[in-house]
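These notes concern the structure reproduced below.
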Amino acid sequence: MYQRSQQIQTLTHNEISKGVATEVFGGSGSRFLLLVGLIVVLSFIAPNFLSLNNFINVFRQASLLLIMSIGMTLVILTGRGGIDLSIGSVLALSSCMAASALKAGLPVTVSIIIGLSIGALCGLVNGALVTMVGLPAFIATFGMMQIARGAVLLYMKGAIIYGFSPAFRFIGAGHLFGLPMPVIVAGVLFAVFTFVLYRTPFGKEVYAIGANRIAAELSGVRVNRVLLTVYTISGAMAACAGLVYISRLNAAESVIGQLFELQAIAATVIGGTSFRGGEGGLIGTIAGALIITFLNNGMNLLGISSLWQLFVLGSVIVSGVTFDMYFWHRSR
Amino acid sequence: MGDGPLLKMVGITKEFPGVKALKGVDFELRAGEVHVLVGENGAGKSTLMKILSGVYRPDSGRILINGKEVQITSPRKAQESGIATIYQEFNLIPYLSIVQNIFLGRELMTNTAIPRMNYREMRVKAKELLDSLGIQISPDTLVKDLSMAQRQMIEVAKALSLEARILIMDEPTSALTSREIEHLFDIVRALKASGMGIIYISHRLEEIERIGDRVTVLRDGEVIGTKDVSGLSTEELITMMVGREIGDLFPRERVSKGEVALKVEHLSRRNVVKDVSLEVHYGEIVGLAGLVGSGRTELARLIFGADRFDHGEIVISGRRVKGDHNPSASVRSGLSFLPEDRKEQGLCLSLSVANNVILASLRRLFPHRITSPRREMNVTLDYVRKLRIAIPSPFRAVKSLSGGNQQKVVLAKWLCTQSKVFIFDEPTRGIDVAAKAEIHGLMNELAEQGAAILMISSELPEILGMSDRIYVMHEGRIVKEFTRDEATQEEILRYAMGGVGGAA
Amino acid sequence: MRREPNVSRVPVSVRRVPGTFYILIIMISLASITIPGFGTVSNLLNILLQGSFLAIVACGATLAIISSGIDLSVGTVLSLSGVVTGLALHAGIPIALAILSGVLTGLICGIITGSLVAFVGLEPFIATFGMMSMAQGLGLVLSNGASIPGFQESFRWFGEGVVWKVPVPLIIALVIVACIWWLLRHTRLGLYIYAIGGSEEVAGWSGIEVGRCKLALYSISGCLAGIAGVLLAARMNSGHPTVGVGWEMDAIASVVIGGTPLTGGRGGVIGTMVGVAIVSVLRNILNMLRLSSPWQITLIGAIVVIAIGLDILLRRWRLALEG
Amino acid sequence: SILAGKQYEIAFIVKSLTNPFWIDMKAGAESAAKDLNVKLQTMAPVKADNVEEQIRMIEDLIQRKIDAIVLAPADTKGIIPGIEKANQAGVPVVIVNTKAAGGKIVSFVGAENFDAATMIAERVVEKLNGKGKVVILEGVPAAQTAIDRKNGFLSVLKKYSGIEILASQTANFQRAEGMMVMENLLQRFPHIDAVLCANDEMALGALEAIDAAGRLKEMIVTGFDANRDAVVAVRDGRLFLTCDQNSAAQGSEGVRAAVRYLNGESVPARIVTKVILVDKTNVDSYLKKYGIK
Ligand SMILES: Nc1ncnc2c1ncn2[C@@H]1O[C@H](COP(=O)(O)OP(=O)(O)OP(=O)(O)O)[C@@H](O)[C@H]1O
Ligand SMILES: Nc1ncnc2c1ncn2[C@@H]1O[C@H](COP(=O)(O)OP(=O)(O)OP(=O)(O)O)[C@@H](O)[C@H]1O
Ligand SMILES: [Mg+2]
Ligand SMILES: [Mg+2]
């Protein structure tokens, strides 16, 4: 037990690692237990659930959600109603533009860059509306959600771009070291942004802004710049998810990505990131995204009727998190 | 007054994860007395009081009021048991008006068929209350529009409106200047005479003998002793609190002053700051005195770039600041500003101590844009030791620290920037005597190393003890400049109250 | 950044008309000049009728948001209670009881989310997200995925009837809005909702029973969604399990457009009504212009952003002038 | 039109404008409108398949004093109050594609989704020789076409004892979801003989999943709507068949019916558009129609 008399003098390497680990895992570590619990239950009741193939399958399906949730987590971490409703539409817009660039015969890399830049640009506009105009994030990104969706509908006129070159298809449907590409893309992005969040000044500033925007500003943090960056990242992540998505689907259409924002928000929040800002983080988001995906997978495997699926999804999420709150957070 | 004690707390213990905040504390309060509770930062004073006011449940121990055991399970229960509390950290809701805040939880209702809130009556009562406290603000003002000191007075008003038998005051004067303190003390005396029992927590030891009847000293969650105030010397008290003697509280030494570090000319903003000119040299500590609302905080914010000014000019370290003056530019040009309101403006409460300490120095500490936990910890621990911040680990969230330790974290954040020019707004607010001496020592050191310091303080002894020069503000203007030797408490007050020259 | 001392008689939290009100006026005047048929009494009644349902639902959303929570379940709870009412009517239950069953369905959903938020301590987002899925799922299961059509005239009156030319849903909506306004302005619960939104901790310290207030407000929100669901079923002469899809977004958007920030603690129902009016008028105008849905989608986004952006910029400008 | 001395204004309300099926129908309607010199506006709910929004559109259009409405109801029964409103205002309504269960209408133009679905299912059963394991991908729950098509499938499949329905799950009419759900089902079932999808989009998504799992040879997949990509898939032998409801004809016939009515001519109460199953044998004409070589 700590006593005043034993003022801390130094920390050993171990103590630092432990401290960093608790900081990174934060309150969301227990959500992993929830995930594990879900997996255990499903492996008992769902046929063919417990197989390497199925797990790879689930990870592949979760990767899109994970990529989008990276951006969403950063945005929600900045607090004060920070939210990005536009990612579904931005995903559709940027991937359709990339697809039409591909169809127009542009090289794969150029098309990818086009897609990513459009996503980033949409994000930047969101950020500018939030910081410079001072719109609530909800309104700014709600507007972007509508505008980007409308734009892609008008641009595509309901048509579908179908059939991409093998080079482009590799991103979504290829394999590397026996792993599906989407999983690798999501893994790499995740690793990069976890590093950014926990080991760079930028990451610390994101947390500080979320925890107390005024204090952060008075500490010399360039709040607007950080927010701009965060929203831009969110847009770019949406575009990135979109590219993987259309590559996997081998088609691009204007309606993709509807309600993705809600899923990404759900993954983030179920992963323990709070709308209060400055609480939670990327690690929990993985758990959140996997929980949602495993649930859907399990319900398909169990052959639960379409009508019941939504009900099961909702009740499992609520009861799972309730359980978590009771047996984990309460006991502390 | 009454025979038995009004309140008895027996064997109270409370443990937070990793910290034993209270270890079997006994405490007693009589009707009609002011019982002062003192102790170092983190000794457990606020925790004890929060147990009494129902915010925390004790792990063990009993509470008796008038000899009857009571279970205080919620703040509501505490109110019903006749306990009113002025919390150390503010207990007001920014977007509600003063009236709404004062009566929150106990609104007066009309006796019409469909009862509704009787704002008319509440407003009248609130006005009376505010008048009796000498506060001239409309009761419909939103709390967010008040200054720290005004909020503190509203806290007092809120607690008084409860008409309780037991009043807890956790550092009620930490943001007040002498005039308000006088006023408050008058009220406390009146309450005391009416038979109320008052528990009074403060780090301003001179207040103890002026208002206290008995004093209990807490250290590391244990009661060191309870004494009558009369006949107790300050030295004795300090030894009880700290377990050792402390150095000079105001160790200011003269150093030769250098170039002009900060120069402000004809600075104005709206009606709050009017045509202010001042300068601070390297190696100099300049005090800024004034009454509540005299515009000192606003002036500091203008200089730092937190608010925009209408006219005038500011020169920091020889460079004139331009229109794009903002906090981040100020920080980068080596100006530090410690705000008076640590909770709202100073700290990221949910983040760790380490993250708060390094927040303003990220660019300096990690020029390659990659942080290193080891470096963070070393830097943080450096200041934790220097300022004697009582924490079990630098990973601990700041919100779990005691008020004084939180204040030290804010200080650490700014010391960590290694700036050359500092503006400290109430730097020792809520800090215990021992630590205060150390912080003063640190400020001295800074000045010796050539830093320029502009210090706003509502504690005149601090201003007098630490400053080389003193500016006095009244209603947004600087009305007087004193050198260290000219200044006396009376003179400063006279100018601060507008008694000379200014429009009184 | 801070503090213009504010001197006024009425508690400020509920008083202000949001700046978007003027935007609404501008929108309406422009439309009446340029679109034939827009400025007629019958069209205005038409808009008001269409907006009534959203208005009811948005009242609940306002309460949740002022308390710095959120209620995502209003849309699907609305669908669910429509389905329940439909089933009840088809089962031959008397109209009053059928209506009651629909409203009760909403109330129960609200009580469940409320308890999860208040006593389990779930984030409102998670609790109401879960309820959103559950209510949708339950609606689909109960209705077997198809709409439940054909009710008796006396029930349909609640959706279609008029009293002195005023549509019944509009009257009900006005009564509800007035009640919620009263609740926020004149009752303890209302004040406490603001207080909880301002600072939950402080509200607790002041002796407010935060949990009970939250339970109450989510119950009210659920109950209102139930009422809207019943009325909508009456209007459509069918209970439809997916009719409320996306209403939560419209409701939240109306609240935010009306000047209640998602961070809670201030704002009010009058503002929300301005938001509802903007959304409804905008839809009506776009339909009248017979724009195809992609254009509608785009313009809704653009106009909302421009309108609120303008409001903010104008306010900033005015502040600078006054200074 | 010319007779009446003024140009008719007609609104065409469909269920959504984000799907090739409706885009085709819109094109058909627009070409008819051009022939007849009618001012036509095509509209769709912002939230696809939302019947309540369709009702609001009708109300708003009545205020605008439109001449006639051609309408594809998102819900057979839910749309009735909207039609009744139009009836009261004296605005004639022509229904296309999906039936309306009430209200006075000029005519219904369309095929029967239910019947088309039975035709598909019959062909599948025939191909499987009455024996096999079948998966159904349903459309948006509670959408009328989704219900009709699913019931059509079931009405046939249930008749054969050799047919086992492994699963019937929704993929919301969307390609991506079709892929995702199919991926999961492929994990679950080691052998599947046929996948019946309630539209082409889901079928194409499912095909991607099946292809990726290397199980294309094992099963047949059917779609619905004969959109461009599906036709290509039929050509390539990936998709077993799809069906053409001739959506463009539904659109144009709908508009023609409305104009004839406005001109005071008589209009039959039921105009049936033919359903054609598209498979290897007749795919060429569709390839030509879409201009695919
Ligand atoms: N919510 C909490 N969680 C964890 N630890 C806490 C919490 N509240 C207080 N503590 C710890 O309990 C101890 C006593 O704190 P307390 O606030 O009572 O001190 P104090 O005597 O009021 O100090 P100060 O004079 O600085 O206000 C401190 O070590 C503090 O860190
Ligand atoms: N938060 C606020 N909102 C509105 N007005 C304020 C606020 N704070 C201060 N004021 C007003 O601005 C003027 C200057 O206040 P300022 O805070 O700068 O004074 P101060 O000398 O620092 O006093 P204090 O001891 O109250 O901090 C006063 O008229 C005061 O009433
Ligand atoms: Mg304390
Ligand atoms: Mg001040």
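Computed from a predicted structure; not experimentally measured.
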*Show your working on side chain to side chain donor-acceptor pair (under 3.5 Å) between B:T371 and A:K204 and close with a plain yes or no.*
CA-CA 9 Å; B:T371 60; A:K204 298 207 175 287; 4.8 Å; no

_Residues of residues 221-233 of chain A within contact distance of chain B, non-hydrogen under 4.5 Å_ = A:V221, A:R222

_B:I370 versus chain A, the contacting section by heavy-atom distance below 4.5 Å_ = both

_Ignoring hydrogens, what is the shortest heavy-atom contact between B:L351 and A:A211? Give both atom names and the distance._
CG-CB, 3.8 Å

_The criterion is ring-ring contact (aromatic ring centres under 6.0 Å, His included); which residues satisfy it with A:F275, sequence neighbours excluded?_
C:F125

*Taking A:N212 for its side chain and B:S350 for its backbone only, find out whether a donor-acceptor pair lies under 3.5 Å.*
no

*What part of B:R363 gets closer than 4.5 Å to chain A, counting heavy atoms only: side chain, backbone, both or neither?*
side chain

*Can you list every side-chain hydrogen bond (donor to acceptor under 3.5 Å, both in side chains) pair that touches residues 185-203 of chain A, not counting sequence neighbours?*
A:Y198-A:Y207

*asked:* Take a 6.0 Å sphere around CZ of B:R369 and say whether it holds more than 12 heavy atoms from other residues, nucleotides or ligands.
replied: no

*Between B:R332, B:E376, B:H368, which has the largest tally of heavy atom pairs under 4.5 Å with chain A?*
B:R332

*Interatomic spacing from CG in B:L347 to CD1 in A:I214 - rounded to 0.5 Å*: 12.5 Å

*asked:* Which residues in residues 415-422 of chain B have any heavy atom closer than 4.5 Å to a heavy atom of chain A?
replied: none

*asked:* I'd like to verify something: which residue of B:V331, B:N378, B:I358, B:D341 has the highest number of heavy-atom pairs under 4.5 Å with chain A?
replied: B:V331

